[in-house]
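Quantities reported herein were computed from a predicted structural model and do not represent experimental measurements.
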Amino acid sequence: QMFFSLSVSVGTMVTYGAYMSKKQNTFVSALSVVIVDSLVAVLAGLSIISAAALQNSNVGLNGGIGLLFVTMQNLIFGKFGPIFGIAFYLLVILAALSSTVAFIEVPVLSLSTYGIKNRKNTALFCCALISAFAVIISCDGFKNNIMDIWIFVAEGLIIPIAALLSTLYIGWVYGIE
C-alpha cells in the first residue's frame with residue numbers, strides 16, 4: 001500500500017507541479033496535503049474499524065472489497081437506512097471520479113506533450129485503455145482472482161522495481177546537484 005500511495009502521489013505531484021505558478025510556496029502546499037491526507041486516513045480507519053466492531057464482524061477488516069461493500073453497507077443501510085446508504089455510495093462514486101481525474105492527468109500530460117497533441121483525444125484514449133482493463137477485470141466476477149493476480153503484479157513487482165530504478169536513476173544519473 002505504501003509503494004502504491006507514494007507512486008501515485010509522486011506522479012500526480014510532478015504533473016500538477018508543472019501547472020503551479022513560480023510564486024506558490026511548494027513546501028506549504030506539500031505540508032498541507034500531507035497533514036490533511038494523514039488526518040483523513042486516520043479518521044477513515046478509525047471509523048471503519050469501529051463500524052466492524054459495532055457489527056461484531058471480521059468481514060472486510062483485511063481490506064479489499066469486503067470492507068466497502070459488506071462491512072460499510074451492512075452498517076449504513078442497517079443502522080441509518082437507505083437515504084444515508086445511497087448518499088454514502090454517491091460520495092464514494094464522487095471520490096472515485098475525482099481520483100480518476102488525478103490518475104488520468106499523468107498519462108494525458110505525458111502523451112499530449114510527447115505523443116498525441118490533441119488533449120481531448122489523449123484523454124479519451126487513456127480513458128478507453130483504462131476502461132478496457134476495467135472490463136477485463138470486471139468480467140472475471142472475482143471468481144478466477146484476476147484482480148488478486150493484478151494487484152500482486154502491480155504492488156509486489158512493478159511498483160517496487162519502479163521505486164528501485166527511480167532511486168538508482170536519481171542517485172547515479174541525475175546526481176546530487
field: Same apolar cluster (I L V M F W Y, side chains within < 4.5 Å links), L111/I130
entry: no
message: Tell me if the CG atom of L165 is crowded by more than 12 foreign heavy atoms within 6.0 Å.
response: yes
field: Interatomic spacing from CD in E105 to OG in S112 - rounded to 0.5 Å
entry: 7.5 Å
query: Any idea which heavy atoms bring F84 and F80 closest together, and the distance?
result: CD1-O, 3.3 Å
query: Do you know the tightest heavy-atom contact between P160 and G156?
result: CG-O, 3.7 Å
query: Around F125, counting heavy atoms of other residues, nucleotides and ligands shown, do more than 12 lie under 6.0 Å from its CZ?
result: no
field: Nearest heavy atoms of I76 and F88, plus distance in Å
entry: CD1-CG, 3.2 Å
message: Once rounded to the nearest 0.5 Å, what's the spacing between atom CD1 of I104 and atom OG1 of T122?
response: 12.0 Å
- prompt: Between OH of Y89 and CG of L94, what distance do you get to the nearest 0.5 Å?
  reply: 15.5 Å
message: For the backbone of S29 and the side chain of S32, can you confirm whether one donor and one acceptor N or O come within less than 3.5 Å of each other?
response: yes
message: Do L31 and L39 land in one hydrophobic cluster if side-chain heavy atoms of ILVMFWY residues count as linked below 4.5 Å?
response: yes
- prompt: Closest approach of V108 and A123, non-hydrogen atoms and distance?
  reply: CG2-CA, 3.6 Å
